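Reminder, nothing fancy here: chain letters follow the sequence lines and each chain counts from 1. As the structure is a computational prediction, the values presented were derived from the model and not from experiment.
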Amino acid sequence: MRELRALTLSGGAHLALLAALSLSWSLMADDVVQVVEEPLEVDFVTIADAPTVTERPPPSLEAAPRELVEADPITEPDEAIAPETIPDLSIPNDPPPPEPKPEPQPDPKPKPAPPKKQELSTPVDKEVAVAERAREEDDFAEAITDSLPTKAQLSPIQQNTLVGLIRERIYKCWDPNAGGANASAIVTTLRVKAARDGTIIGRPTVVRQTGSASESFKRTARDAAIRAVLNPRCSLEGLPPDLYEGGWEDFTLNFDPKDL
Amino acid sequence: MSILKSLGACLLALVLGTAAAAQNLSVDINQGVSRPLPIAIPDFATPSSASTPAGDTAALGGDVAEVITNDLESSGLFRPIDPLAFTTDVAMADVTAPSYPNWRTIGAQALVTGFVEAREDGSITVGCYLYDVFSQQALVRQGFNTQPRAWRRAAHKCADAVYSRLTGETGYFDSRIVYVSETGPATARIKRLAIMDQDGANHRFLTNGQNLVLTPRFAPNRDTLTYLSYAQNRPRIYLYDVETGQQRLVGDFPNMSFAPRFSPDGNTLVFSQARAGNTDIYTIDVSSGSVTRLTSAPGIDTAPSYSPDGRRITFESDRGGSQQIYVMNADGSDQRRISFGDGARYGTPVWSPRGDLIAFTKIGGGRFRIGVMRPDGSGERLLTESWADEGPTWSPNGRVIMFFRSRRGGGADLYSIDLTGVNERRVRTPLDGSDPAWSPLRP
């Protein structure tokens with residue numbers, strides 16, 4: 001009985017081996033492994049709405065124009081699988097660099113209509129004229145005062161010191177390496193406002209960007225610059241308090257990678 | 001009078017204002033650091049744990065995060081933070097509303113969250129989100145529907161979206177590699193075509209080794225290969241359909257044909273052929289089979305590769321007395337030599353998908369090294385320093401080059417290196433590997 005079973009098993013094993021060999025022979029005949037691969041497709045779909053940010057965004061973002069995120073980051077869309085664009089994206093992206101902040105100009109204050117000379121006939125009118133002139137002079141003085149820096153001015157030596165101190169803080173957190181062709185030509189200028197304790201107020205604003213590169217590289221350069229400023233490891237904490245006003249309370253940073 | 005005064009005020013203010021602006025502190029930062037971006041990629045959540053043929057969605061969430069982590073880490077541009085350092089798990093609610101301070105505390109500058117959800121039709125959705133931790137902004141939100149067994153592709157797509165948003169370049173993770181798998185003694189080497197995902201997963205053999213195979217190359221459609229096979233001991237060009245497993249001979253020439261490569265539109269193969277002791281570059285129309293001869297110089301012209309716009313071809317030739325790199329128009333006109341290294345030879349030129357560089361193998365001083373130069377021959381830069389590196393192939397975004405490195409004791413391995421010459425990595429293969437070719441990005 002046991003022999004019979006052994007014989008059966010042995011016979012089965014031989015048959016299996018023969019089948020396997022025949023199969024491998026037929027495969028070798030054309031040298032191609034006949035494995036059919038089913039196409040594994042990946043479709044783009046719309047997922048949950050823009051994430052709810054629990055912390056209040058800085059006010060500058062609220063006011064900033066928003067650009068749509070590219071619906072499809074894949075450069076090579078396939079005809080067979082039409083990527084679905086994601087509608088109603090409201091991910092706050094970088095605002096485009098605003099126009100350079102205009103220099104303080106004397107604001108032509110809304111003035112009452114100038115009195116007509118012919119009508120200066122009554123004492124009241126004369127008084128009005130005198131008052132008007134006085135107001136104009138006030139406006140004149142005010143315009144000049146407005147245009148002057150309101151904060152304490154730093155001496156050139158103080159400025160140089162501060163520039164060095166800020167540079168020393170920030171560069172350690174700036175990695176300009178992201179980005180490829182032409183990315184080294186992008187200069188990003190940020191305006192940064194800081195509180196006395198060294199924390200950055202709001203999000204630095206992009207004043208301007210120069211250099212010809214694709215928008216995605218420019219965006220990457222903006223992100224890298226902003227990350228450098230917001231990185232707690234490169235905080236402004238501990239900068240000299242006497243250089244705060246008119247100094248590091250409000251300054252600009254030019255991130256220029258061309259010499260790297 | 002008042003107008004005059006206003007004007008005066010304007011002018012004075014302008015002068016003073018300019019002076020004030022000039023005094024406003026402006027700091028030039030023209031020095032930086034280069035270090036991988038710290039990024040946190042916690043396990044993807046699931047709205048409700050459900051079983052799929054590829055495993056439970058909760059387990060898949062961990063697997064997806066791991067694939068993304070490996071992808072980003074392998075680029076050398078990111079430093080995924082060890083999950084042991086995480087102070088919090090990411091539940092479904094946290095996916096779209098992360099707690100930024102928790103991630104800032106551990107030094108993360110970017111955060112990837114997501115979910116895996118089973119759908120009623122048996123497919124899964126992988127949701128992928130990227131956040132800037134410092135500015136607390138959402139940067140990417142992308143969803144992918146796929147069959148559960150294609151979950152790795154969804155993970156690669158998520159990694160590509162993250163890479164693309166943070167570097168400004170297109171990604172390359174959802175792509176594949178075809179190469180020649182080698183085994184056995186040098187005298188009886190068995191060479192098989194093999195294909196795998198860019199990260200080495202889903203490896204499989206396409207041929208069983210009966211015939212010697214060389215130079216596999218992808219078609220732009222990513223599902224067709226062309227390669228050289230020595231069936232009946234005669235080198236001939238074949239096409240292979242990755243999905244159906246079907247192969248066919250291209251142009252049954254009486255002569256030996258070598259080094260086939262697709263044109264960017266996929267309609268043409270450019271290759272070299274030996275006729276009467278002279279090897280020249282030809283093209284063949286894949287559908288009609290009509291053949292055009294492009295070069296006729298005495299000597300060996302071979303290893304042709306199209307520019308991405310299809311208007312030019314780079315190739316190697318020994319017509320000048322030594323093996324050098326040339327470029328010509330796609331119709332064979334305007335043939336010019338571009339490599340002039342001090343006594344060195346140059347071979348296997350491959351045009352970058354970005355069009356701005358040509359990668360090559362430089363042979364000199366007893367070494368084979370990988371380098372790049374501009375299509376006019378300027379800006380030559382060597383990327384590798386080993387003694388036997390050859391056969392470069394570009395990642396779909398033109399940022400990484402893969403090649404093979406021979407070992408002194410015999411055998412070869414696949415390696416990849418960043419275009420900047422850093423982040424050299426060995427690409428793991430089950431057996432020895434040579435002659436890799438990178439696929440275009442998958443759709």
Side-chain angles (χ1 to χ4, degrees), chain A residues 27-28 31-37 39-40 42-43 45-48 51-55 73 75-76 78 81 91-92 103-104 106 136 140 143-144 147-149 153 163 166-167 170-172 174-181 203 216-217 220 226-227 230 247 251-256 259-260, chain B residues 2 5-6 9-10 12-13 16-18 20-21 23 25-35 96-97 100 109 125 127 129 134-138 141 143-147 150 153-154 157 161 164 166-170 204-208 210-211 242-245 247 356 399 440-441 443:
Chain A
L27 285 179
M28 281 173 77
D31 194 32
V32 169
V33 181
Q34 293 290 342
V35 177
V36 175
E37 181 183 76
L40 294 174
V42 179
D43 289 332
V45 291
T46 306
I47 54 175
T52 316
V53 179
T54 46
E55 297 189 36
T75 53
E76 201 176 352
D78 192 64
I81 309 165
I91 294 175
E103 301 298 345
E136 279 177 10
F140 179 65
I144 294 169
S147 67
L148 288 170
Q153 283 192 38
V163 163
I166 294 176
R167 186 182 288 145
I170 302 293
Y171 92 87
K172 292 173 189 163
W174 182 44
D175 183 354
N177 265 8
R203 191 166 180 260
S216 58
F217 284 142
T220 298
I226 291 170
R227 265 202 304 274
L230 294 181
F251 58 97
T252 57
L253 288 171
N254 305 303
F255 291 89
D256 185 352
D259 294 330
L260 296 171
Chain B
S2 65
K5 277 185 180 172
S6 297
C10 271
L12 190 57
L16 290 171
T18 309
Q23 287 166 0
L25 200 68
S26 173
V27 184
D28 291 337
I29 308 289
N30 35 33
Q31 193 183 355
V33 293
S34 181
R35 71 169 77 95
T96 53
Y100 293 108
Q109 298 193 23
T125 299
Y129 300 78
F134 293 157
S135 62
Q136 308 191 3
Q137 277 194 300
R141 187 189 50 181
F144 309 104
N145 270 4
T146 188
Q147 292 304 308
R153 284 203 58 202
K157 287 227 169 290
S164 177
L166 291 176
T167 68
E169 315 219 24
T170 52
R204 65 186 175 94
F205 295 104
L206 302 178
T207 62
N208 60 22
Q210 188 195 17
N211 301 317
V242 176
E243 285 191 4
T244 64
Q247 69 165 352
D356 56 344
R399 174 83 196 215
L441 209 54

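Contact record, B/Val27 with A/Val163: CG1-O, 3.8 Å, taken as the closest heavy-atom pair. For the pair A/Pro176 and B/Gly32, the tightest heavy-atom approach, listed with the atom from each and the gap, is CD-CA, 4.4 Å. Residues B/Gly168 and A/Ser216 approach most closely at O-OG, 3.0 Å, considering heavy atoms. Annotation for A/Phe217 and B/Glu169: closest pair CE2-CG, 3.8 Å, computed over non-hydrogen atoms. Of all the heavy atoms in A/Thr220 and B/Thr167, the pair that sits closest is OG1-C, 3.4 Å. Nearest heavy-atom pair across A/Asn254 and B/Ser26 is ND2-OG, 3.1 Å.
A distance-only check finds a donor-acceptor pair linking the side chain of A/Asp175 to the backbone of B/Arg35 [under 3.5 Å]. Side-chain atoms of A/Arg167 come within 3.5 Å of backbone atoms of B/Asp28 as a donor-acceptor pair (strictly under, hydrogens ignored).
The closest side-chain heavy-atom distance from B/Gln137 to A/Ile226 is not below 4.5 Å. No side-chain heavy atom of B/Gln31 sits under 4.5 Å from any side-chain heavy atom of A/Trp174.
Atom CZ of residue A/Phe255 and atom CD1 of residue B/Ile29 lie 5.5 Å apart, to the nearest 0.5 angstrom.
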